[in-house]
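These notes are about the structure you will find just below.
When reading the values below, keep in mind they use all heavy atoms of this one structure, side chains included, and skip hydrogens, waters and symmetry mates. Residue numbers start from 1 in every chain, and the chains themselves are labelled A, B, ... in the order their sequence lines are given, proteins ahead of strands.
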Amino acid sequence: MYRTHTCGELKIGDAGKSVTLSGWIQRSRDLGGLTFIDLRDRYGLTQLIFNMDTDPALCNEARKMGREFVIQVDGIVRERSNKNPKMPTGDIEIQAEHMKVLNGSITPPFTIEEESDGGDELRMKFRYLDLRRPPLKNNLLLRHQMAFESRNYLNSQHFIEVETPVLIKSTPEGARDFVVPSRVNSGQFYALPQSPQTFKQLLMVAGFDRYMQIVKCFRDEDLRADRQPEFTQIDCEMSFVHQEDVLNVFEGLITHLFSSVKGIGFSEPFPRMTFAEAMQKYGNDKPDIRFGMEFKELTDHVKGKNFAVFDSAEYIGCIVAEGCSEYTRKQLDELTEFIRKPQIGGKGLIYIRCNTDGTFKSSVDKFYTPEELQIIAATTGAKAGDLLLLMAGELIHTLKALSELRLEMGNRLGLRKKGIFKPLWVLDFPLLEWNEENKRFYAMHHPFTSPKPEDIDLLNTDPGKVRANAYDCVINGVEIGGGSIRIHEEGLQKRMFQVLGFTDTEAENQFGFLMQAFRYGAPPHGGIAFGLDRLVSLFAGEDSIRDVIAFPKNNAGRDVMADAPSEISTEQLKELSISILKADK
RNA sequence: GGUGAUGUAGUUCAGCUGGUUAGAAUGCCGGCCUGUCACGCCGGAGGUCGCGGGUUCGAAUCCCGUCGUCACCGCCA
């Protein structure tokens, strides 16, 4: 028997017991006559003690043990003379009687401790060692718990988990597909699913009523801290539901996760906000509502004073930074520099200080009298001691830049605390988005999203104005889930493809199987998918989803541990009837 | 596709306006130590300064290119 107990469970009440433990050597402390070894497994750390007086041979052997050796030790649980209150097992130690080396270890390239000394790249290359560290280990335990509780809740709501295929048909809409060549069907390719969307809809047609799946999805797009080419969704679909039903069931899921995993309850239902309202107040379809600082529009209040920047602007808006009227020139310059960064693209920042003595100082004093500044400040609701930050320009760009500025100010003022969670539903997204480059509309969510019934006529006259039965769940500025009520009628689905610029033949070729299914009694249905990786990283307080994925890809989509992707042999290529184009130059 | 940051002992980093033998901490190896828990003390080994080219009497340092890593923009229905 390798062990009678784990390294985390022995406590003072076990004193006197004969036990066997197996695990990894975290660290050893050789004091000459005494040697201590901290033995680690998934469950914790337990101190072993070897004494030169009682067993010199064993003690000498223990002195030779290196970090990360795997050993098995038999011994007696003893109460410590010097207790360590910092350790859960700090009241006891194991007086070793026998030791067996189960496997040695070469010196690890970085320290395997709470805070490692290793850099990202190195730890990624030795991921299996990094995963021994408590922070990463705990993230994976948390992930398991969240997946388990999700299934638990959804099972209680009569969802059944159904596996959908991973080798599917490639479609040009949406993100780029990962493709897989078919050997048997020479020259043809499968795609890996960006989501099981059509299959879960077909399961509704099949009458399963409530489907869920914790499922890998694949998108061949560039990576970010919160984006991996393969990621996991809690994918769900329900029949005979309106939007309200879906929101209620999945508000229940999120609430259940918070209470069962973090012990956090929400006293109020999740607030709801339309897409239009989110854009107007926060310049963002996934606002962080842990803090206010909502936009105040000033377009109609500040024009006509010969200030060209304002007079030529489509939109002028501002945020009120409470208590920041004392910001120094340097701090204001930093903010200007921030919004001027190319990825934000702001041209300039205008400030109005509402001094505590009731006076006003601004960067546009040349154009506005103190009285006019006071009126502007009053319009925004600013108080003495506040700082107004104004941006002006083309509508969409200015909203976006002002949104970045708001988040930056939130960070600077410490208003985005990690332990605070503010969920939010964003509703009524536009159905379509105009793409200037290709001169056509694209589905904002996906082509199976239903338009709001009252907006259907706009499909013919002003498609850009059509609102969808689509909703996102946002927590702390992170989009953690999104879904919609789907189209379940062949006619409307065909109309949708027409608006998206598909010919009937193209629509038939790509999605004929779905529209065929709609002819056989498709029930009204809708659903949602949550990003498990993002949810777990939010719960764990991690900034990157890589920290909650066992074996993630790096910035360039590479697995640096296994060194994938890699070239394949000419034999393999030949078998697949594939030739590789030589790169230019 | 683009912008920025970065690359120096096993590891994390310092290394100024170019100047003798490239440092620190930690880890590793050896010695001492009976209550440590980041044990302590003494000693030691350890470097293709990412790679290639250029400027210079002289380059870790300046310039050009290239590769890797990270963050972001584009992209992500």
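Of the side-chain N and O atoms in K400(A), one or more sit less than 4.0 angstrom from OP1 or OP2 of G74(B). A sub-4.0 Å separation between OP1 or OP2 of U69(B) and a side-chain N or O of N555(A) is absent. Look at R27(A) and you won't find any side-chain N or O under 4.0 angstrom from OP1 or OP2 of G27(B). OP1 and OP2 of A38(B) both lie 4.0 Å or more from every side-chain N or O belonging to R29(A). OP1 and OP2 of C75(B) both lie 4.0 Å or more from every side-chain N or O belonging to R227(A). Look at R123(A) and you won't find any side-chain N or O under 4.0 angstrom from OP1 or OP2 of U69(B).
Comparing the P positions of G27(B) and C42(B) gives an interatomic distance of 14 Å, to the nearest angstrom. Nucleotides G23(B) and C67(B) are separated by 28 Å at their C1' atoms, to the nearest Å. Straight-line distance between the C1' atoms of G47(B) and A9(B): roughly 5 Å, to the nearest whole Å. When the C1' atom is used for both U12(B) and C28(B), the distance is 15 Å, rounded to whole Å. A distance of about 24 Å separates the P atoms of G4(B) and C76(B), rounded to the whole Å.
With hydrogens and angles ignored, a donor-acceptor pair under 3.5 angstrom links the side chain of R80(A) to the base of U36(B). Scanning atom types as modelled, one donor and one acceptor separated by under 3.5 angstrom connect the side chain of D222(A) and the base of G74(B). Side-chain N/O atoms of E93(A) and base N/O atoms of G35(B) include a donor-acceptor pair closer than 3.5 Å.
Across all strands shown, N554(A) has heavy atoms under 4.0 Å from sugar-phosphate atoms exclusively, and none from any base. Counting non-hydrogen atoms under 4.0 angstrom, R67(A) reaches the backbone sugars and phosphates but no base. Using a 4.0 Å heavy-atom distance criterion, L45(A) is classed as making no nucleic acid contact. F110(A) comes within contact range of no nucleotide atom at all, as no heavy-atom separation falls under 4.0 Å. Contact annotation for M124(A): no contact, since no heavy-atom pair falls under 4.0 Å across all strands. Note on G119(A): only backbone sugar-phosphate atoms sit closer than 4.0 angstrom, heavy atoms only; bases stay farther off. Nucleic acid contact for Q47(A): base, since at least one base atom lies under 4.0 Å from a heavy atom of the residue. Contact annotation for T107(A): backbone-only contact, meaning every heavy-atom pair under 4.0 Å involves sugar-phosphate atoms and none involves a base. Among the heavy atoms of the strands lying under 4.0 Å from R63(A) is at least one base atom, whether or not backbone atoms are also near. S195(A) comes within contact range of at least one nucleobase, with a heavy-atom separation under 4.0 Å. Residue-level contact check: K86(A) touches the backbone only, with heavy atoms under 4.0 Å from sugar-phosphate atoms and none from bases.
Residues S170(A) and F189(A) fail the side-chain proximity criterion, which asks for heavy atoms closer than 4.5 Å.
Of the candidates C70(B), C72(B), C37(B), the closest approach to any side-chain atom of A225(A) belongs to C72(B). Of the candidates U69(B), C75(B), U36(B), U69(B) carries the atom nearest the A556(A) side chain, counting heavy atoms from C-beta on. Distances from the side chain of P109(A) to the nucleotides G35(B), G10(B), C70(B) place G10(B) closest. If you check U26(B), U36(B), U69(B) against the side chain of L31(A), the one that comes closest is U36(B). Listed candidates were G10(B), C75(B), C37(B). Nearest to the side chain of N82(A) is C37(B).
Within the shown strands, nothing qualifies as a pairing partner of G47(B) under the Watson-Crick or G-U definition with both distances less than 3.5 Å. Pair assignment for U26(B): G10(B), on the basis of Watson-Crick or G-U wobble contacts that are both within less than 3.5 Å. C76(B): no Watson-Crick or G-U partner with both key distances under 3.5 Å is found in any strand. Across every strand in view, G40(B) sits in a pair with C32(B) that passes the Watson-Crick or G-U test at under 3.5 angstrom. Across the strands present, U21(B) finds no partner; the criterion is a Watson-Crick or G-U wobble pair with both atom distances under 3.5 angstrom. Taking a pair to require two hydrogen-bonding distances under 3.5 Å in either a Watson-Crick or a G-U wobble arrangement, A5(B) pairs with U69(B).
Between P287(A) and M273(A), the closest heavy-atom pair is CG-SD, 4.2 Å.
Remark: P of C73(B) and CZ of R224(A) are 5 Å apart, rounded to the nearest angstrom. In this structure, E404(A) atom CD and C73(B) atom C1' are separated by 10 Å, rounded to whole Å. The CG-P distance, from N60(A) to G30(B), rounds to 13 Å in whole Å. Residue Q197(A) contributes atom CD, which lies 16 Å from atom C1' of C76(B) at whole-angstrom precision. A straight line from CZ of R219(A) to C1' of C75(B) spans 12 Å, rounded to a whole angstrom. One atom, NZ of K64(A), and another, P of G31(B), lie 12 Å apart when rounded to the nearest Å. Spacing between atom CG of L48(A) and atom C1' of C39(B) amounts to 17 Å, rounded to whole angstrom units. The nearest whole Å value for the distance from the CD atom in E173(A) to the C1' atom in C75(B) is 15 Å.
The residues K64(A) and E61(A) are annotated as not salt-bridged, no charged nitrogen and carboxylate oxygen being separated by less than 4.0 angstrom. Between D543(A) and K418(A) there is a salt bridge, with a side-chain nitrogen of the basic residue lying less than 4.0 Å from a carboxylate oxygen of the acidic one. Salt bridge R29(A)/D38(A): present, at least one basic N to carboxylate O contact under 4.0 Å. Between E221(A) and R176(A), at least one side-chain nitrogen of the basic residue sits less than 4.0 Å from a carboxylate oxygen of the acidic one, meeting the salt-bridge criterion.
Both G118(A) and T54(A) lie near RNA chain B, and the one whose nearest nucleotide falls closer to the 5' end is G118(A). Where M52(A) and G90(A) meet RNA chain B, the nucleotide closest to each residue was compared, and M52(A) sits on the side nearer the 5' end.
Counting only N and O atoms by type, the side chains of T164(A) and Q213(A) include a donor and acceptor under 3.5 Å apart. Remark: the Q510(A) side chain and the E506(A) side chain contain no N/O donor-acceptor pair separated by less than 3.5 Å.
Here the side chain of T111(A) pairs no donor or acceptor atom with the backbone of E113(A) at under 3.5 angstrom.
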